[in-house]
Participant: 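Dropping the structure in here first, questions after.
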Amino acid sequence: MKKKILISTEFFPPAFRAGGPVKSVSNLVNTLRKKYEIYIITSAKDLNQSTYMDIEKIDVWVKKDNLNIIYVSSK
């Protein structure tokens with residue numbers, strides 16, 4: 001059984017407007033996900049955007065690319 005890691009980050013792909021931090025967290029996750037079960041809590045909106053990103057579900061945990069991600073609304 002893999003150990004679990006919870007990552008809370010303001011932006012995660014497909015977000016990109018925050019630049020380097022998005023890429024850094026994405027690279028970290030790509031490195032760790034082979035050994036750990038990763039859970040990510042992040043925003044459903046990109047930096048300085050008023051509309052939601054083009055994602056499958058909001059406020060619901062989804063399994064994507066062997067990751068568990070929840071894109072949360074602003075509520």
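Only heavy atoms go into these numbers, but all of them, side chains included; no hydrogens, no water, no symmetry mates.
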Participant: Could you tell me if the side chain of Y52 sits less than 4.5 Å from the side chain of Y71, heavy atoms only?
Facilitator: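 When only atoms from C-beta onward are counted, Y52 and Y71 do not touch, as no gap falls below 4.5 Å.
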Participant: Drop me the distance from I7's CD1 to L28's CG, to the nearest 0.5 angstrom.
Facilitator: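 Reported to 0.5 Å precision, the distance equals 5.0 Å.
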Participant: Which Ile, Leu, Val, Met, Phe, Trp or Tyr residues join F16 in one cluster when any pair of side-chain heavy atoms under 4.5 Å counts as a link?
Facilitator: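 Joined to F16, directly or through intermediates: none.
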Participant: Hey, does I40 have a side-chain heavy atom less than 4.5 Å from the side chain of V29?
Facilitator: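 A side-chain contact exists here, since the closest heavy-atom pair is under 4.5 Å.
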Participant: Of all residues at least two apart in sequence or in a different chain, which pass the side chain to side chain contact (heavy atoms under 4.5 Å, CB included) check with P21?
Facilitator: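 Here no residue qualifies.
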Participant: Listing request: all side-chain hydrogen bond (donor to acceptor under 3.5 Å, both in side chains) pairs with a residue in residues 1-21, at least two apart in sequence or in separate chains.
Facilitator: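 Of all non-adjacent pairs touching residues 1-21, none passes side-chain hydrogen bond (donor to acceptor under 3.5 Å, both in side chains).
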Participant: To the nearest 0.5 Å, tell me how far I58 CD1 sits from S43 OG.
Facilitator: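 The distance works out to 9.0 Å.
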Participant: Could you pull out the closest heavy-atom pair between K45 and T51, with the gap in Å?
Facilitator: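 Smallest interatomic distance, heavy atoms only, reads CG-O, 3.6 Å.
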Participant: Do W61 and I69 have side chains that approach each other closer than 4.5 Å (heavy atoms only, starting at C-beta)?
Facilitator: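 The answer is no; the side chains never approach within 4.5 Å.
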Participant: Looking at side-chain heavy atoms only, is the closest gap between D54 and P14 below 4.5 Å?
Facilitator: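 No, their side chains stay 4.5 Å or more apart.
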Participant: Of all residues at least two apart in sequence or in a different chain, which pass the ring pair (Phe, Tyr, Trp, His ring centres under 6.0 Å) check with Y36?
Facilitator: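 Residues passing ring pair (Phe, Tyr, Trp, His ring centres under 6.0 Å) with Y36: none at all.
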Participant: If you measure from NZ on K64 to CD1 on I55, what distance do you get to the nearest 0.5 Å?
Facilitator: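 Interatomic distance, K64 NZ to I55 CD1, rounded to 0.5 Å: 8.0 Å.
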Participant: Does any non-hydrogen side-chain atom of L67 lie less than 4.5 Å from one of R33?
Facilitator: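 In short, these two side chains touch, coming nearer than 4.5 Å.
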Participant: By side chain to side chain contact (heavy atoms under 4.5 Å, CB included), which residues pair with K23, not counting sequence neighbours?
Facilitator: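 By the side chain to side chain contact (heavy atoms under 4.5 Å, CB included) rule, K23 matches N27.
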Participant: Do the side chains of I41 and L6 get nearer than 4.5 Å, heavy atoms only?
Facilitator: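 Answer yes - side chains close enough.
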Participant: Can you name the nearest heavy-atom pair linking N66 to K63, along with the distance?
Facilitator: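 For N66 versus K63, the nearest heavy atoms are CA-CE, 4.4 Å.
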Participant: Could you work out, with side-chain hydrogen bond (donor to acceptor under 3.5 Å, both in side chains) as the rule, every residue matching N68, not counting sequence neighbours?
Facilitator: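 Scan of N68 (side-chain hydrogen bond (donor to acceptor under 3.5 Å, both in side chains), adjacent residues dropped) gives none.
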Participant: Looking at side-chain heavy atoms only, is the closest gap between T42 and V72 below 4.5 Å?
Facilitator: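 Side-chain contact under 4.5 Å: no.
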Participant: Apart from L47 itself, what residues make up its hydrophobic cluster, given side-chain heavy atom links below 4.5 Å?
Facilitator: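 Besides L47, the cluster holds F11, V22.
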Participant: Can you see which heavy atom on D46 is nearest to which on A18, and at what distance?
Facilitator: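 Looking at all heavy atoms of both residues, the shortest contact is OD1-N, 4.2 Å.
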